[in-house]
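Everything numeric in this text was worked out from a predicted model, so none of it was measured. Excluded from the calculations below are hydrogen atoms, water molecules and symmetry mates; all remaining heavy atoms, backbone and side chain alike, are included. Below, read A as the first sequence line, B as the second, and so on, with proteins coming before strands; counting in each chain starts at 1.
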Amino acid sequence: MKRILLATITLVGISAAAFSQTINWRSFDANQKQVIGIETGWNYGLVFGASYGRRLPAHLPVLVNVHYSFPSGKNLLDDFKIKGGLQIEVWRARGFSATLKANGIFRRFENPYARFVNFGSAFSAVAGYYRPKWFVAGVAGFDKAIATHIRHGAAYLDNVPGAQDGWYVPTGGNFNFGMQAGISGRKTEVFLDLGRVVTQDFKTTPFIPFYANLGVNRRF
Amino acid sequence: MFRIFCFSLLLGALISGCKKELSLDEPGALVPKTVDKDPSLPSIPVAGTQFHAETFGNPNDPIIVVLHGGPGSDYRYLLNCKAFADEGYFVVFYDQRGSGLSKRHNKSDYKIDIMENDLDAVIDYYRKSPDQKVFLLGHSWGAMLATAYINAHPEKIAGAILGEPGGFIWQDVQDYVGRAQDFKLLGETLNNATYLDQFITGHADDHAILDYKFNLWAASDDATDSPIGNEGPLPFWRGGAMVNRTMFELADQEGFDWVSNLHNFTTKVLFVYSANNKAYGEAHARKVSSAYPNVQLFKTEDAGHDMFSFPRGWQHFFPTGLQYFNALK
């Protein structure tokens with residue numbers, strides 16, 4: 001139980017402070033402190049999302065952000081994901097740049113057999129070439145499902161009466177590797193994020209082993 | 001920041017005040033124990049493994065071996081077939097290798113023809129004499145397995161009822177599965193099958209975790225946008241994720257052809273399909289069943305793919321099924 005406590009403190013702390021928006025650091029002008037975005041694509045489901053980010057006055061470029069997404073389906077409120085975190089540009093040389101991202105995740109999923117509520121975390125590194133009007137970068141990340149509360153419905157318990165409800169720790173993790181690219185205007189950015197997902201054992205994959213997100217950001 | 005810290009502590013304390021944390025791979029926590037872990041379950045030791053198995057009826061009566069689908073499902077959804085025991089048949093149910101409550105096996109233990117050899121061993125286990133007739137009743141993958149067995153041993157089988165086998169050659173199976181899993185991109189079913197992958201993942205040998213996810217995916221079978229037309233969710237014990245995945249991989253790599261010797265099986269086969277399975281239909285039924293020289297096609301009205309499991313389909317099918325077996329008894 002200590003692990004859950006520690007994980008929760010860490011994750012909620014990060015979440016409350018912070019997202020993992022795809023941005024172009026070089027396209028921000030001095031007066032642009034905030035960025036809002038919408039996106040859609042495949043990310044463990046056909047998802048739709050919205051995000052908000054704010055630059056912090058710091059020695060290194062830092063953006064804190066929150067992101068909400070939900071998958072398509074008949075029931076739009078039963079499944080969702082909230083990510084909160086920060087991204088820091090840790091290195092820059094000429095047009096090249098490297099950014100580290102850390103996010104806390106709270107997500108929910110329900111099907112006719114069970115309901116899942118999960119606290120997780122996601123860490124990623126982005127490195128690429130950034131110009132004021134475009135960028136292209138490689139991404140590597142890890143999404144850890146740290147603690148998941150499972151509550152089984154009557155339909156599952158009819159089949160498996162001994163199934164246990166409660167907190168399961170840990171419950172999984174997936175690595176992602178991909179590319180992202182975008183075109184930036186004075187205030188607006190269009191980006192594409194795509195790549196592959198593999199399970200943490202590097203031997204198995206999710207049902208659909210890739211992700212692809214198309215989004216638009218607006219800076220102000 | 002202080003408020004965030006306090007909120008985090010409070011939330012953590014709330015969670016820690018609940019029951020102790022559980023582990024996904026704890027035996028019996030998410031999926032039932034298998035026969036090698038729970039001695040109270042009925043089982044038979046054959047073919048170098050341990051099958052969860054039950055029988056109904058007089059052991060000296062003609063045998064009906066019931067073969068479930070999947071691969072990886074279990075026989076719980078076919079228990080209506082017990083009714084044949086009251087009509088003078090010895091009905092044998094078993095969960096196939098790695099399926100249901102039968103013992104799990106690692107990926108390397110599976111081969112395309114191993115299920116066929118297992119069936120042969122199960123028949124030998126129950127058959128009292130060479131004169132005792134053996135019938136097969138297979139559903140979906142079970143009907144494919146029945147055909148693979150008949151193709152290899154036509155002389156051992158006195159008749160067969162086949163319920164919507166995907167196909168007897170790999171291409172036909174691929175065509176059918178493609179149609180059966182044609183879920184709407186914006187639908188809840190696809191989401192239910194894929195969104196879970198970020199909550200729970202299992203290593204290649206984490207059987208319980210993989211089986212649990214397989215069980216949860218079964219919820220898609222009765223979804224409103226599923227084309228297979230079932231009346232509701234199927235009852236089950238445990239889905240065998242490893243055997244399901246491995247058999248599909250092997251079929252994809254090696255292919256199979258279970259029709260080469262079927263011309264030697266001249267006994268009439270009762271080939272059953274359903275009115276509500278939009279992915280199957282009469283055209284596919286005719287195409288697949290044409291591999292047999294002597295076929296009676298039967299359309300189960302008011303039923304979907306699992307026509308033997310739900311009341312309306314079963315009531316419609318049973319008189320015809322019984323008449324078929326009685327004619328060959």
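Contacts with chain A (heavy atom to heavy atom, under 4.5 Å) involve these residues of residues 235-246 of chain B, listed by number: B:Pro235, B:Phe236, B:Trp237, B:Arg245. Scanning residues 204-220 of chain A against chain B with a 4.5 Å heavy-atom cutoff picks out A:Thr204, A:Pro206, A:Phe207, A:Ile208, ordered by number.
At most 12 heavy atoms of other shown residues, nucleotides or ligands fall within 6.0 angstrom of atom CD1 in A:Ile183.
Ranked by heavy-atom pairs shorter than 4.5 Å toward chain B, the options A:Ala145, A:Pro71, A:Gly172 are led by A:Pro71. The choice from A:Ala114, A:Gly45, A:Gly162, A:Gly173 that makes the most heavy-atom pairs within less than 4.5 Å of chain B is A:Gly173. Ranked by non-hydrogen atom pairs under 4.5 Å with chain B, the options A:Thr199, A:Asn174, A:Thr148, A:Asn118 are led by A:Asn174. Highest contact tally toward chain B, considering only A:Lys144, A:Gln200, A:His152, is held by A:His152 [criterion: heavy-atom pairs under 4.5 Å].
A donor-acceptor pair is defined here as one N or O able to donate and one able to accept, closer than 3.5 Å; no such pair exists between the side chain of B:Asn106 and the backbone of B:Ser108. In this structure, B:Glu164 contributes its side chain and B:Ser274 its backbone to a donor-acceptor pair below 3.5 Å.
The contact between A:Asp78 and chain B is made entirely by side chain atoms (from C-beta outward), counting heavy-atom distances below 4.5 Å. Residue A:Tyr156 touches chain B through its side chain alone, counting heavy-atom pairs closer than 4.5 Å.
The aromatic rings of B:His305 and B:Tyr176 sit tilted relative to each other, their planes meeting at an angle between 30° and 60°.
The closest side-chain heavy-atom distance from B:Phe56 to B:Phe93 is below 4.5 Å. The shortest distance between side-chain heavy atoms of B:Gln50 and B:Ser102 does not fall below 4.5 Å. The closest side-chain heavy-atom distance from B:Met307 to B:Asn277 is not below 4.5 Å.
By the 6.0 Å and 45° rule, A:Arg107 does not stack over the aromatic ring of A:Phe116.
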Practice problem: Could you give me the CA-CA distance, side-chain angles and deciding distance for B:Glu54 and B:Lys82, then say whether salt bridge (charged side-chain N to carboxylate O under 4.0 Å, His left out) is met? | Solution: CA-CA 10 Å; B:Glu54 284 178 280; B:Lys82 281 193 294 188; over 6 Å; no
Quiz item: Do A:Phe175 and A:Val197 pass the side chain to side chain contact (heavy atoms under 4.5 Å, CB included) test, and can you show the C-alpha distance, the side-chain angles, and the key distance before you say yes or no?
Solution: CA-CA 6 Å; A:Phe175 286 96; A:Val197 184; over 6 Å; no
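For the pairing with B:Thr49, the side-chain hydrogen bond (donor to acceptor under 3.5 Å, both in side chains) check across B:Gln96, B:Lys103, B:His105 returns one residue only, B:His105.
Checked for salt-bridge contact, B:Asp211 and B:Arg104 meet the test: a charged N lies under 4.0 Å from a carboxylate O.
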